Structure formats: structure tokens, C-alpha cells
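Numbered from 1 within each chain, the chains take letters A, B, ... in sequence-line order. FYI, side chains are in, hydrogens and waters are out, and symmetry mates aren't considered; it's all heavy atoms of this structure. Computed from a predicted model, the values in this text were never measured in an experiment.
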Amino acid sequence: MSENGSKPKFAMYWAAACGGCEIAVLNIHEKILDVDANFEIVFWPVAMDAKYKDVEAMPDGSILLTLFNGAIRNSENEAIARLLRRKSQILVAFGSCACQGGLPSLANLGTSQALFDAAYDGPSTDNPQGVRPQPQWAAPEGQLHIPEFYPAVKTLNQVVPVDYYMPGCPPESPQIAAVIDLVLQVLGGKAALPPPGAVIGAGDSTVCDECKRARNEKKITQFVRIQDVQPDPALCLLEQGLLCNGPATRSGCGALCPMAGALCVGCYGPAEGVLDYGARLMTAVASVIDSTNPAEIERILDGIPDPAGAFYRFNMGGSLLRAGRLPRKSKVAHEP
Amino acid sequence: MTEQFEPVIIGFTCNWCSYRAADLAGTARIKYPPNIRLIRLMCSGRLDPTFVLQALASGADGVMITGCHPGECHYLEQNYKAMRRFLLLRRMLTQMGIEPQRVKLVWASAAEGARLAQEITAMVEEVRALGPLNWGKVEVPAFSPHPSSLKEEVPA
Amino acid sequence: MTSPIHPQQTFLQDVIDATPGGDTLRTCLQCGTCGGSCPSGADMDATPRRLFAMIAAGLRDEVLQSNTPWYCVSCYYCMVRCPQEIHITDVMYSLKRMAIREGYTDHDAAPDFSQTFIGYVERYGRSFELGLATRFHLAHSPLRKVGIGTLALDMFARDRLALTPKRIKDMEGLHAILETAKAMARKAEATGGSKLL
Amino acid sequence: MNYGYYPGCSLERNAAAYDVSTRAVAAHLGLGLDELEDWNCCGATEYIAINKLAAYALIGRNLALAQKQLHAPGNGRLAADGRAQLVAPCSACFLNLRKADRYLQDDETLRTATNEALAAGGLRYDPGTIFVRHLLDVMVNDVGFEEIKRRVTKPLTGLRVAPYYGCLLVRPRLGGELSNAEYPTELDQLMKALGAEVVDFPLKAHCCGGHMTQISAEVAYELLRRLLQNAADYKADVIVTLCPMCQLNLDAYQSRVNQHFGAGFNLPILYFTQMMGLAFGLDEKALGFGKEIVSAAAALAKIGEPPKAGAPARRRKDDKALPMPGAKP
Amino acid sequence: MAERIGVYVCHCGSNIAGVVDVVQVAQWAAGRLKHRGVIIARDYKFMCSSLGQELIEQDIKELGLTRVVVAACSPHLHEQTFRNACARAGLNPYLCELVSIREQVSWVHTDKVAATEKAKAVTSGGVERVLWDEPLEPLRVPIHPATLVVGGGIAGIQAALEIADGGHRVYLVEREPSIGGHMAQFDKTFPTLDCAACILTPKMVSVGMHPNITMMTWSEVEKVEGYVGNFTVTVRQKARCVKTDLCTGCGVCEEKCPKKVVDNVFEAGLGYRKAIYTPFAQAVPKYPVIDRENCTYFQKGTCKACEKFCPTGAIDFSQQDELITLQVGNIVLATGFDLFDSRRIPQYGYGRLANVFTSLEFERMCNAAGPTNGNVVLRDGLTAPKTVGIIHCVGSRDKNFNNYCSAICCMQSLKFAHIVKERTGAEVYNFYIDMRTAAKAYDEFDQRVRDEGTHVIRGRAAEVTDAARMPGEEGKLIIQAEDTLIGRQRRIPVDMVLLAAGLEPRRDAKQTAQLFGLSCSADGWFIEKHPKLDPVATMTEGIFIAGCVQGPKDIPNSVVQGAAAAARVQGRIQQKEISLEPVRASINEHRCSGCRICNNLCPFNAILFHDDRMVSEINPALCQGCGTCVAACPAGAISGTVFSNEQILAQIQGLLMLNLNGGRVEELVAA
Ligand SMILES: Cc1cc2nc3c(=O)[nH]c(=O)nc-3n(C[C@H](O)[C@H](O)[C@H](O)COP(=O)(O)OP(=O)(O)OC[C@H]3O[C@@H](n4cnc5c(N)ncnc54)[C@H](O)[C@@H]3O)c2cc1C
Ligand SMILES: Cc1cc2nc3c(=O)[nH]c(=O)nc-3n(C[C@H](O)[C@H](O)[C@H](O)COP(=O)(O)OP(=O)(O)OC[C@H]3O[C@@H](n4cnc5c(N)ncnc54)[C@H](O)[C@@H]3O)c2cc1C
Ligand code: SF4
Ligand code: SF4
Ligand code: SF4
Ligand code: SF4
Ligand code: SF4
Ligand code: SF4
Ligand code: SF4
Ligand code: SF4
């Protein structure tokens, strides 16, 4: 794959995200040396200085591998996504935000207006002039531009085609290392790339598969919040009325959260073939409510004060209703 | 263009009750508006909320879920599971800005052709009054191309 | 010779509309449980069951002239026993209202009693037994007032009959409420909104 | 426990005995009765026969006042389900209030219209916010037989009581009435708890004639005769009632019934609250005795007498009789 | 592979074509759905006719169709027809979709343009769905030749005998000490008035002696596992405390037993039995049982009179309940009915007024072997009544109780009228709403009874009272009713009142239904597969119902159903295996995380959890294909055939005509 002996090029970019993904990559310990040894890093703002125009100057397709983390929140995010798409052979949506919108996409439940109100007029904000971000501003020095704030957070594949998805908030370091190993093997001709569109660095069952907690047939009679109870350390959390997202969340993390006594929050996104994460989790939870009486069911449901937030915490951007969606594979009826 | 907004409603019916009720409405020539399009499931318990979301996301203005009356499920008790999902779904949809009138749960036995027709008529009226599902409010981001188009965009 | 029936098609619907839960009236089985149960059934010129058949047949005149609703003592036996859960007693009230509205009742004492009773309620907000008894009986059976008189005396003797009516404080408010209600009813009558009648 | 209290017109004068005995017994049992301010007549069975909407507005005014008064913040009169409880001792008032609440819930047209009328008086009523209850129901189900038994100091031993329920407390079934529409037993049990001998009165839930005394006396007298005859057949000393209309009809018209049929009934008609007060040892004057037209003095004098006949003869061993349904061997 | 789809739009004469422009729909499908793989679209007058079917067969063969969509009537009518046509032409039948444009379009809509548009959408939905259809094979299950019959009333007896006569093993489980059911309690049966014992006893004896019938009385089914063809049933044989191999049925024990008990079952509360008893003289089997709840020895520790007197030493107080496991291929449920509890109608006075009797009490009273030796007498056991009132529809045809007609009580009341007259010469008054005597020779019976002088009053009795009001009423029971034919109230003083109490589902019907995985209607009667065309089968394969368990009926109909169920079972046994619709769910073990969400969602217990591997699995023979678990699995590990996610999601898109936009959902939405 490498052209005329020079090392293949590597890029990484941080869009609307917290930076955890970047740290996770740096956190792969000595594996980072392999990256350095085998790749030429051409663009990685957090690690090295580079200008957008340098990337623009590169020939299309000249970067072999780009790890793109973060969701698309504004026009800058989108422009760079498009740019990197053009320049890269393999574009990986890296981390929950790029794959499914991540936490930032919960903002899609409200309007931009409401977001600004909260940020610029909230109780903890001191903004006497009521200043709000303006995409364009005529300053004495000249016209100023800041990127345009989009009305909704998008996932990476809602703006450009994506080759692979690597979920996690952030992706677990051993999984990153494994993916890097794989790419190296592919480069050495010792392995083939997975089929395009695949999820890499994760399992294909769900978190329960890796969770060691004992479980029984499920019957939920009330939902409780973890801060209000002392959960049984060995028993499935969901059975105890705690809204663990494990059943619906792709495996691969090693069930870190539930094993540590915390609830799975769903950062690894939906399992293979699942169209809408929240719907799957919701239907599972609703199915095992132990009542046939509507009033009683409503009472039990009162224990989930914010269902949309609870079921889509990391996945709103990829939901069917509240953002763009992963287009469903259409069955090809006839060859074009 | 018609002056009147004509909603499209997707109806999920149970093979044993409401689909038969729809058959009966037909046999009895009971009239209802053509705005509803039915899908047959084996049971209301088959109703995966994803179907509802998919229908709404794909342009339906409303979804009607139908099944046997409580206690009369052909599969004994699966309609209760449909009810639980529906009750939770309704809460979630409200948060997502979708008016609760757009998604309905209706019990109709195989004998209730007239009732089903009446429910359909009422729902079409209600949704018509609401107008098209307001995607402006939902703020759908711009379209993203299909992954199968990767080939063209990514140089080999 | 009785003439053949010329049904008044809308009568049944009118009665249904006027009665809360009136829809069930259509399902009457003609089983006679109501007629058999009614304490005044023997004195009615048509049992409730028969009256319902007449309603279904659209015999508006005969039904509204009948003494049946006026002889109903509101015991609700018929209602709890009716196998079709028909709100029979409420139907009786509806028929009384219809009869009064349509002027069928000048021959009967009962409507006048109701009218006299509510006259006091409308005037004072409370009922007034002495006034009611004297006025009503003077109008209807002056000859019996002696008998009633001894009864009244018994009551007086035990301080059970007030000489003056009691009046509520917010008579104005009550008056406004009742007048609004009556005005609405009149309007409903004029426009045919029979659910309020 | 605290309740809103709707006495109704009868209790003001003609059934004053019911009112005073209710208040005395309630005070003794620690029940708070908070009289509805400026309540009006419920319309009895008359208003509804003239004008439906006005009738509902008339009753609605009471319910609206109750909502205002009993739901007022901090008055502590709400039941666990969030409804405020309004107690009526008169069966007709009870039914009118209960039925209006129910029908206003069921019938949207009526509800809207009634509230429109109420608005003219600055009021509104939200059906379902007031839980209308009859006094007997409260005594039996809230206070309970155990508590009542505990309070009895002068058991009514030896007094044969015909418990008479009449119609409007047991029928129609709108939810929350007594246990049975045809053969209720709550009053029977209450009287037993007071120590009285209770007769199994077959006509206990039959009609007293209601307003028929005014409309067709003959019809009414016949209805009254049946009740009196039946109670007499069962050798009752008194008829105990829970409704002012029943009391009035049976008491005040008893002599006319005697006249009309040439009979000689002499059955005092008392309120169950009077009997409770008596058994609790409350001051008789505070219970309104003496207001009854057919004097109760002779009957009440029987209290405390030992039962006359001995126990009924035991069945013979060779008895051919077939077992009664539900009989134990 | 490129799919080649054929679309067939039916005119159904003018049924569809009168409203939907079928030609346009076919042309549209051929053009606009070409890119979805539609290579041919035709319209035809009657698709279900043999010519219409041949059209499809021909196209499959000549054009190489790989999938077929028929837009015509409801799949409930002709799905099988078109699937068969495909199968004949060599195409897997499950690659054919029938979509309804008749029941759901032409018959319910009037606007022709809108109807035609909807027909297109419906067809497009079918095309999208058929793309995801999979070739399937029906499931084949072997049938175990033994059968379980539950309930030894006349229906169960008939079923057991027919199957056993066919040469197959039958286990007959009866809860009471003897088989016979309600019919054994009767004296005479309408309309012919044969003696019940005379016609029933021989059948009971046949059951007892039949080499192919294993009779298990005083037993109940505890557990049912498995599925059609192969049920494993656990039966609890309650301890009789009598060794059946030693007992000769002499009856000495019963005679000597000092403990008398009101017999609420067989004698309907009108008579007594002992603590050790056989319910009646002709009982089959003849061995008694000890009713431990009432036996003095079991309650107080002393007595043992029965043991002392038994000539063969058959009494065994130490017997314990036994659990017996049976292997059967089919099950017939014939657990019958219970009588409506007349106490629920207080105005009829049952339980309060001594001389008010229920119908079953009266059956026992007039039975020559009953507590009064067949004498019709008042509760005092001595006095013959001079007037008797019979009240119809007690608890039936009444929304306060049971809304249905109990079907047998009019005839039964007429039978009572006849018997009372015959035995006592009393005046009889029957109070009825409608006289329901609709079967062969039934109305003639009504006429005969009227001819005998029975008074029939058309009016439902309002109340029965002992409160005399008029002369002549003292000491009597008075039935008050409106005689609706004259429109007047009547009070009839009588000595005895008989209540024709209705038939009700067994008090434990819901539990029984649950045990066997059946459904009950809201009333509580077991639901048949089809009320007219499959009245003895149920929705659970391999389980049949017969007699009153399905709904109120008389003896002839109970027998007919018993025989019909037997015929169905025998057909199954003969076939040796059955094929089941392949509508099933299955779990992809690799994807399953073992979260156990699905585990208790299946009412048929088809889902089991493997503790060792921590995965769930579905037993395809138990799964009925409802799809509830498919819709619940959060991992997307469960998929269902015939109604897969892909099929349904594709159909949604087809119905919304998104296939016309090249799958670009969002464009449509944004529009
Ligand atoms: C008063 C009366 C008179 C009637 N007279 C006539 C008449 O003259 N002519 C006529 O044609 N019809 C008559 N009928 C109707 C007739 O009784 C029924 O048609 C017939 O008995 C129905 O038979 P079956 O086998 O379905 O039910 P049943 O007779 O009720 O038998 C059911 C059997 O199943 C057993 N069983 C119940 N549950 C279980 C369980 N869980 N496990 C094991 N065993 C169980 C019961 O013990 C019983 O033996 C009369 C009915 C009544 C009530
Ligand atoms: C107007 C009407 C409406 C009805 N509606 C309903 C309803 O809605 N629901 C319901 O449940 N029931 C209904 N029924 C009753 C229903 O029709 C019958 O129960 C049913 O048709 C009986 O079916 P069968 O097979 O016994 O007789 P049939 O339908 O009469 O079939 C007998 C067949 O035998 C053939 N045949 C006759 N003699 C000979 C011979 N010698 N050789 C060869 N073949 C011969 C005849 O040609 C016929 O095809 C209705 C009946 C009528 C009259
Ligand atoms: S629930 Fe069904 S939905 Fe399932 S069988 Fe019943 S209705 Fe049909
Ligand atoms: S009781 Fe009911 S069903 Fe029977 S006649 Fe009266 S109203 Fe009709
Ligand atoms: S409520 Fe009226 S009609 Fe009904 S039984 Fe009583 S008196 Fe008769
Ligand atoms: S147990 Fe003994 S005494 Fe009883 S019937 Fe059998 S053999 Fe006879
Ligand atoms: S031991 Fe029991 S069964 Fe035997 S005789 Fe005594 S009471 Fe009867
Ligand atoms: S068969 Fe006769 S008695 Fe029985 S419910 Fe039907 S109509 Fe009434
Ligand atoms: S599809 Fe229904 S029947 Fe089959 S296993 Fe799942 S829940 Fe059970
Ligand atoms: S719900 Fe799905 S993942 Fe969970 S145990 Fe069942 S099959 Fe497995």
C-alpha cells in the first residue's frame, strides 16, 4: 500500500468532542512507538503543529489512515471532515461522538436557542450585555467570522462516507492497540481489511456478554437511581431496577462499568445490525416491566424521569428521529 | 396539490385480531379514509418500537398500533408487552417533540371492524388537524450519502 | 278503534340524547325486569318496559302523556336489576323534562309539585317544607288540607317545621348560576342541542 | 379523621334529630365534621325533572364549594388518593352529589356546560376531586365495628330492630355504595355491634314512597303499609333508618296509613345515629329523642330486658330436612 | 443475485376494479418498480381462478421469476392458494406475498384516485417486503400415538372411547373420584327424557374396561411440557387411602364411616356423603376415596372404623400423592363447566329462603338415587309442593353477570316443569325472557310441556320474596314479575322456586388455560381455533377442546365435540407427523449476550437459558412465532422468520414509497 518506499501517512482530528479520544490514543503506551515507526504523521493538531492549508495542499487520497474523533457541531467540523475524507484512503469514525454523536448529541433534544440561553444566560453565567456568538461580526479591524453553529449535532457519517467505525467513549486502549496492529499487518500483507462499513475494535454481542454479574429472568417492578440504593455487588444491575445500558450496548469494553459497580451508559453504541440504539434498549426494558395494569406501569415508568436521555445518552446523533441516521442497507434488487 | 393536508399513517395490525378486523371492515364495506396503510404482524407483541421510529422518520405522519384487547391475546399475554412498550415509547416521543396523538394504541378484536374503522377515521382527523410531522422542529440535519457510494468518492 | 302507529322517528334518539348513558336504551330486551321490580308498577299506565317499547316505536304523544315517569319514585330497583344496564331511572327524569317542555302535563299534580319545590330552592337556595306543603296542597287538593293540617301540627309540636324559609348567603351567585344554566338550556332547545336538555 | 359535612335541607329542621345526633356521635368518636359553608339545596329528586342543566348546576355549586373549601391549602382534609371527602347523612343528598360527580366525569358536554353555568357564580368544579360519602359508610368502614363495639357502654340488649336502608344509599351502583344493592347488611351489623337484636327484614331496601306522599297518596300509603306490615310481622320494636325522607314518610304518615287501611301500626322510626348515641351512653337530649311523632318511649324502655323465649329447639336427629345451601354438616 | 419479481394485480371482477384502476397499478409497478426488480406486472380478472394461478406458474417457469407479489384480497383468504401455485411451479412458496387491495382498499374507500394511489403503495410495500422473504420449509414433527384426555364428563368419555376404539392409548385424567361429570347427576335428559344413568353408565363401564384406556381418577394434571406430538405431562394421583388392588367395592367402609359430610359436588349440596366415599352407586371406578379434610382420623387422629371393617384390608392411611409422568402426542381438554352461583342474585333469595333451589339441586332431588329418592319435596324433606315457579336465565343474558345465553337452561327448565308435574301434579309457572329451544325435537318438547298445563309467563322474574303483601301470600314464596304479554305486574305465590342457573367456566379455567398454554375469552370459555370451521382445535397445536369447556352446550353437542376432537387426534396419529408453519423465532447464539431479557417473555416457555454457556435458545417446536421476543432482544440477537425486521422495515419504506427515491429517506422527509 505504501507508495515508493515512503511511510504511509496518518492523521487524527478532534471535532466536537472532549479530547478523551486523543488521550486514549496517547495512552496506548509503547504501541505509540509503532505508530511513529510505521507512519508518517501528517496532521494531528493535538500532537503537532499543522495548518489546514497544508492538508489542502496534499494530493487527494494521500493519507492512508485518518482517525476522526468528535461529532459535527459546526461548519468547521464539517469542512475538515470533508477535507480529510478527500485526502484519506481510510477514514475511521473514532469514538462515540464520531460514530453516534456521543454526549454532545443529547443537545439535539432541544433547540440551539435553548442551548445558547443555557450557556450565555444560565445561572452560572455572568453576561450582562447578553452577548451571543455571531457567525459574522463587523469589527473595526474588519469582518470577523466564526464557524456557523449547526442546529443539530451530526455524526461523522451524516456528512461524509465513513469506512470504519470504532466506538467507545473513549475507545479502550487495548482495542486501539489491536486495531493499529491490524493495520500494520494489512500493510505487511499479512491480513486483509475488514469489509467497509464494519465496526472495528469492538465485539459483536453486547456488554452483558462480558459482564460477570449473576442474572435471572428479569421482572422489574420499580426503577431506582444508583445514588439512592446499595446495589447487590454480584447481581445484574438491571434486575435491581437500575437502568444499566449493558444489554443493548456493543461489547468490547470488557464490561468495565458494571464490573466496577457503575451502570453501563452505552458508549459503545448499538449492537451489530441495530438500527436505533434507544429503541432497542427501551423495548427491552419495557418488555420486562412486571405489570399488566396501565396505571401500575405508568407508576413504574415514573422511575425513569428522562427516558430519552436515559436511552440515548451516547447515541442520540445516530437515532432515527433526532438527527441524521445511518442509512439502512438497501437490499439490492437488481444489478445496476 | 390538494388544499387539504392528507396525512399518511402506518398501521401495525395483529394477524389474529386487528388485521381480521380490517378484513371485516372490508367485507362489511365500512368506509374509512385511505390515509392509513397497514402492516401485518403476528401479534402486537411483535411491535418493535424501532418500527414506529422508522415509520415516522420515513415520512409517516402518524402510527397506529393495534392488537387484541387485554386478556384476549391470541398468544395469551403478549399484547400487555406491547402496551408496556407503547406507554414508555409515548413518553420518549413526547420528549422528542412528537405529539402524542401521532402514535396510538388501539385494541380491536377480530369482530370490531366497525370500531377499527372508526378509530382510523378519528385518528386521520386528529393527525390532519396537527398537520405534517414537523421536521422543522425536529431539525433534521442535511442528508448524508449512502456508504455504497464510498467507491466513487474514495480513490483506490 | 285505535289507529295504526305513525312512528315519530326521532323520539328514541331524543330520549337517548337527554339521558346520561342513554345509549343502552336501544338494547332493551323487553324482559320486564324493570316492570316487575317497580314499586309503583301496578299504578303506572304503562310499565317502564312497555314505555320503552313505545319509545322505540316512536309513540311520542302516548309516552309523554303517560303517568309512568311521574309515578317513578326513584327507587333505582329497575336500574340495578336491568340485565342491559339501562339507566332507567334517568330515562324517567328525561321523560319528565320532555313532557313539561312539550306541555303534556297540565293534568297532573306531580310536575306542579316539582315546580313548587324548585320555586323555593330558586328563591332561597334551600327547600321550604311548610311553604311547599301549603302552596302545593292548596292548589291541588284543598279538601285534604285539613288532614295535612293535623300532620303539620304534629310536626310543629316537635319543632320539625320551620315557619320561615332559610336563605343562603350568596343568593346572588346562585341566581346567576341558575339563570345562566337556564339560558343555556333555552338556547340548546332552540338550536337542538338535546344533550343539555 | 376529618370530613366535609353537607347536612342538606332536611337536617336543618324536620330531621334535626338526625343532625344533632350525628354531631354528637361524631364528636364522641373524634370525627371532624366541617360543615360546607353556604351550601344550597341539592334539588332532591325534583329539580332534575324540570331542568337538567340547572339541576347539575345546583348540585355542582355544592361540589364546587366543597372543592374550594376542602381543597384549600393546609386544611388537611384530603384522603390518600388526593380526593377530599364530603359526608352527607341524607341518602337523597348523598346520591345527588355522588351521581352528579360521576355523570359530570362521564359526560363531557354536561361537564363543560355545568362549569360554564358555575362560572357565572365565580365557581368551577373538577369532577373526581370530591369523594362523596354517606354517613353510614363512614361509620362502618372508617370508624369500624371494632371501634364502635369498644365504645358501647349501654348495649341495646333486648330491643328488636328492623334495619331499614331505603333506596338511595344502596342503588344505583355508581361505585362505593354499600356492599349489596338488594340485601345490604352494614346497618344490620352496626345494630348488632350496638347490642340490639336485629330482625332479618326482607323489605329493608324497598322504597318508602319518596315524594309519592305528595303526588298520589294512595300509592304512597300502600308502599308504607308494606314496610310497616313487614316490620310488624317480624315483631320489630323500632325501625332504624338512615335517611330523613324515609323517616318522615314512615313516621309522619304512619297514622294516615293506619287510618287508610284500618291498621294499628305503632312503630317508632329512629335514626341510626340516635341508636349509636344511646348505646354510647350519650345524653339522650343531645340525640334529638322526642322529635319522632310515633313515640319511641315504650320501645326504648325494653332495652336491657332479658330475651323472652329460650333458644330455639335443636334439630331432631332423624330430621329429614335437606341441608340449606352452604350449610356445614 | 438479481431478483426477478412478478406482480399480479387482481380485478376480483368489479370488486377491486370498480374502485381501483388496476390496469394503472400494474403498469405503474412495471415501470416505477423496475429498478426494484419487477420484471413483469400483470392485471387479471380473477387471480385466484385456476387460469389466474396458471398465469403465475407460467411466468415463474418461463420468465424465471424468483419472487411473486399478488395484490388481491386478504392473505387470510388466499395466501395458501398463491403459495401453492408458486410451489407447483417450483418456487419456494414462502417467496410469495399476497397484499390486500380489496378488504383494505377497494371495499373501504370510495375516492377512486386515492384508492388507486393507496393500491400502488400497498403493492410497493409488498415488493419491498418480498425482497427480504426467505425460502422456508415447514417444520415436521413426529406424533406420539398416545393421547391425554382431561375431564371425564360426557365429552371426555366420548373422546376417550373413540380414540381408544381406534386402537390408540388414552390416558383419561379426572379430578373427582369417578368419571361421569355433570350428566351423572341428572335423572332424565331432555328432550327424550331418557334416564341419564341408563345411557351414561354403559359408556362409563366401557371406559373402565377398555384395554386402551388408562383411567386416572382423583387425579390432576400438574405440569405440561413439550409440544405437539411430544408432550410430557405430569399427573398428580392424589392419595385415595384405599388400595385399589385389594378393594372389591363392597361399600362396607362407607357404611361404617361415622363422619357425615354435606356433598357439595355430586349432591350439589343437597345431600350427604361420608368421609370415605364413592360419589354415587354406579361410579367408575368403584373404589372409594378418603376425603382427608373431613376424615376424623386425619383430623383428630382417631377412628379408623373403615379400616377395621374393611374385609380385604384395603384401607391404607399412609398412602401419599404420587406424581406420574406421561408421554403423549395430543391432548383433549374436556373439563366442562361450573354452575352459576345463584347467591350472586340476592333478590332471588337463594341461600336465604329455604325453598329456593338451584337446577343442580333439583336434578339431585328428582333423581331416584338422590337424597330424597326422587321425591320432589320442600327443604323440610317431607312436604310436596303444590305450586312451583321456575325462573329462567339466572345469571345469564345479564350484563351484571354473564352476558351470554347458557343455551341449555330453557330446555332444562321445561324438563323440570314436566318432572314436577309428573311427580307432584303441582301447578308450574315458568318465567322466561325468550324460549330458546332451537334444536331437533326441542321445540316439540316445549309444546308438549305447555300441553301438560305448565303456565309460561313471558317476563323475567324480578324478585322472590317471603314478605306477604296480599291475602293468600302468607307462608308462601312470592315471585314478582311483569307479565310482558299483558304489560302488568303479577305476583305468583308458590311453595318452591327453581332457579335455572346458567353455565359458567370452571372457577379454575384461567389456571387450566395457563397450564396448557391456551387462551380464554373474556367470559372465560376456552377459545377454539375458528368458531365455525375449527371448533374443537385450539391455537396451541396438539391441544383440542370438547364439550362445555368451549362454551355452554347440551349433551348431544358435547358428544359431537368429543367425537370430533377424537377424529382430529386420530387423523394426527395416523399421519405420524405434522408439518407446522415455519413462523418461528431463533436466537443467534453468537450475538446473544445472555442478558435474559427475553427469558420470561414467552408464554409458551419456548425460550430456555443455558447456564453453562450463558446464552438463550428457542425451542422451535414450542415457539408459536408471535415475535414478542424478537421485538425485545436488546442485542438484536433474535430474528423471526416470515416477519423479520428486514421484511417489516422494508415494507414500511415501500408503503411510504421511498423505494421511488432510491432509498433517500431524508430527501423525502426534508421535502
Ligand atoms: C341442571 C342441568 C341440567 C341439564 N340437563 C341436560 C339435559 O337434560 N340434556 C342435555 O343434553 N344437557 C343437559 N345439561 C347440559 C349438560 O350438563 C352438559 O351438556 C354436559 O354435562 C357437558 O359435558 P362436559 O363433559 O363438557 O362437562 P362436565 O359434565 O362438566 O364434565 C367435566 C368433567 O371434567 C372434570 N374436571 C373438571 N376440571 C378438571 C381438571 N382440572 N382436571 C381433571 N378433571 C377435571 C369434572 O370433574 C367433570 O367430571 C344440563 C345442565 C345442567 C346444569
Ligand atoms: C338462508 C340461510 C342462511 C344461513 N346462514 C348461516 C350463517 O350465517 N351461519 C351459520 O352458521 N349457518 C347458517 N345457515 C345454516 C347453514 O347453511 C347450514 O348449517 C350448513 O349449510 C349445513 O351444511 P351441510 O353440509 O349439512 O348441508 P348443505 O349445505 O345443504 O350441503 C349438502 C350438499 O349435498 C349435496 N347433495 C344433496 N343430495 C345429494 C345426493 N343425493 N347426492 C350427492 N350430493 C347431494 C347438495 O347438493 C349440497 O352440496 C344458514 C342457512 C340458511 C338457509
Ligand atoms: S396481542 Fe395480539 S396482538 Fe398478540 S395476538 Fe394478540 S393481538 Fe394479537
Ligand atoms: S329491565 Fe332493562 S332490558 Fe329488561 S325490559 Fe326493562 S329496560 Fe328493558
Ligand atoms: S326507579 Fe322508578 S321506574 Fe324504576 S323501579 Fe323504581 S319507581 Fe320504578
Ligand atoms: S375399601 Fe374395603 S370396605 Fe371399602 S369398598 Fe373397598 S373393599 Fe369395601
Ligand atoms: S377413618 Fe375417616 S374415613 Fe375412615 S371411618 Fe373414620 S372418619 Fe371415616
Ligand atoms: S337457554 Fe333460555 S334460560 Fe338459559 S340463558 Fe338462554 S334464554 Fe335464558
Ligand atoms: S416468538 Fe413468541 S412464541 Fe416464539 S419464542 Fe419468542 S416469545 Fe416465544
Ligand atoms: S434478550 Fe437477546 S441477548 Fe438477551 S438473552 Fe435473550 S436472546 Fe440473548
* Let me know if D:Asn51 has heavy atoms under 4.5 Å from chain C in its side chain, its backbone, both or neither. => both
* **Inter-residue atom distance D:Met212.CE - C:Asp43.CG, 0.5 Å rounding** => 8.0 Å
* Structure fact -> Under 4.5 Å to a heavy atom of chain C? For D:Leu168 that would be side chain
* Asked: Between D:Val170 and C:Tyr76, is any pair of side-chain heavy atoms under 4.5 Å apart?
  -> no
* Do we see a donor-acceptor contact under 3.5 Å between the side chains of D:Asn40 and C:Tyr124? -> no
* Looking at D:Glu182 and C:Arg81, does any basic side-chain N land under 4.0 Å from a carboxylate oxygen? -> yes
* Roughly how far, to the nearest 0.5 Å, is CG of C:Leu196 from CD of D:Glu116? -> 9.0 Å
* On the 0 to 90° scale, with breaks at 30° and 60°, tag the C:Phe113-D:His211 ring pair as parallel, tilted or perpendicular. => perpendicular
* Selection from C:Lys182, C:Arg126, C:Lys96, C:Met79 maximising heavy-atom pairs under 4.5 Å formed with chain D -> C:Arg126
* To do: Would you indicate whether the side-chain heavy atoms of C:Gln115 and D:Ile50 approach each other to under 4.5 Å?
  => yes
* Any chance you could measure D:Tyr103, atom OH, to C:His87, atom NE2, to the nearest 0.5 Å? => 4.5 Å
* **Contacting region of D:Arg61 [heavy-atom separation from chain C under 4.5 Å]** => side chain
* To do: Please flag which part of C:Cys72 lies under 4.5 Å from any non-hydrogen atom of chain D: side chain, backbone, both or neither.
  => backbone
* Between D:Arg173, D:Arg226, D:Lys99, D:Glu12, which shows the greatest number of heavy-atom pairs under 4.5 Å with chain C? -> D:Glu12
* Which portion of D:Tyr47 sits near chain C, non-hydrogen atoms under 4.5 angstrom -> both
* Asked: Is any side-chain N of the basic residue among C:Lys195 and D:Asp107 closer than 4.0 Å to the acidic one's carboxylate O?
  -> no
* With a 4.5 Å heavy-atom cut-off, do D:Ile215 and C:Trp70 have their side chains touching? -> no
* **For chain C, the option from D:Pro172, D:Ala205, D:Cys207 that forms the most heavy-atom pairs under 4.5 Å** => D:Pro172
* Rounded to the nearest 0.5 Å, how far does CD1 of D:Ile48 lie from OG of C:Ser74? -> 10.0 Å
* Nearest heavy atoms of D:Cys41 and C:Val121, plus distance in Å -> SG-CG2, 3.6 Å
* Does a salt bridge link C:Arg160 with D:Asp251, judged by any charged N lying under 4.0 Å from a carboxylate O? -> yes
* Structure fact -> Per-residue tally against chain D (heavy atom, under 4.5 Å) across C:Ala42, C:Gly173, C:Pro39 peaks at C:Pro39
* Close side-chain approach of C:Met155 to D:Asn14, heavy-atom, < 4.5 Å -> yes
* Asked: For D:Ala113, is it the side chain, the backbone, both or neither that has a heavy atom under 4.5 Å from a heavy atom of chain C?
  -> both
* Asked: For chain C, which of D:Leu123, D:Leu53, D:Asp38 has the most heavy-atom pairs under 4.5 Å?
  -> D:Asp38
* Please flag which part of D:Ala220 lies under 4.5 Å from any non-hydrogen atom of chain C: side chain, backbone, both or neither. => neither
* Structure fact -> Under 4.5 Å to a heavy atom of chain D? For C:Ser37 that would be neither
* Measuring from C:Cys75:SG to D:Arg171:CZ, what's the distance to the nearest 0.5 Å? -> 5.5 Å
* With respect to chain C, which residue among D:Gln247, D:Glu222, D:Gln259, D:Glu37 yields the maximal number of heavy-atom pairs within a distance under 4.5 Å? -> D:Gln247
* What residue, out of D:Gly209, D:Cys9, D:Ala92, D:Ala181, has the most heavy-atom pairs lying under 4.5 Å from chain C? -> D:Cys9
* Against chain C, label D:Leu95 side chain, backbone, both or neither, depending on which of its atoms sit under 4.5 Å from a heavy atom there. => side chain
* **Best-contacting candidate, C:Glu122, C:Arg101, C:His175, against chain D by heavy atom pairs under 4.5 angstrom** => C:Glu122
* Indicate the atoms forming the closest heavy-atom contact of D:Lys52 with C:Pro20, along with that distance. => NZ-CD, 4.3 Å
* Asked: Looking at the rings of D:His206 and C:Tyr77, which for Trp means the six-membered one, are their centres under 6.0 Å apart?
  -> yes
* Structure fact -> Turns out that what part of D:Leu223 lies under 4.5 Å from chain C's heavy atoms comes down to side chain
* Asked: For C:Asp159, is it the side chain, the backbone, both or neither that has a heavy atom under 4.5 Å from a heavy atom of chain D?
  -> both
* Structure fact -> Per-residue tally against chain C (heavy atom, under 4.5 Å) across D:Gly60, D:Cys208, D:Gly121, D:Ala120 peaks at D:Ala120
* Largest heavy-atom contact set with chain D, pairs under 4.5 Å, which of C:Leu95, C:Leu161, C:Thr180, C:Ile168 -> C:Ile168
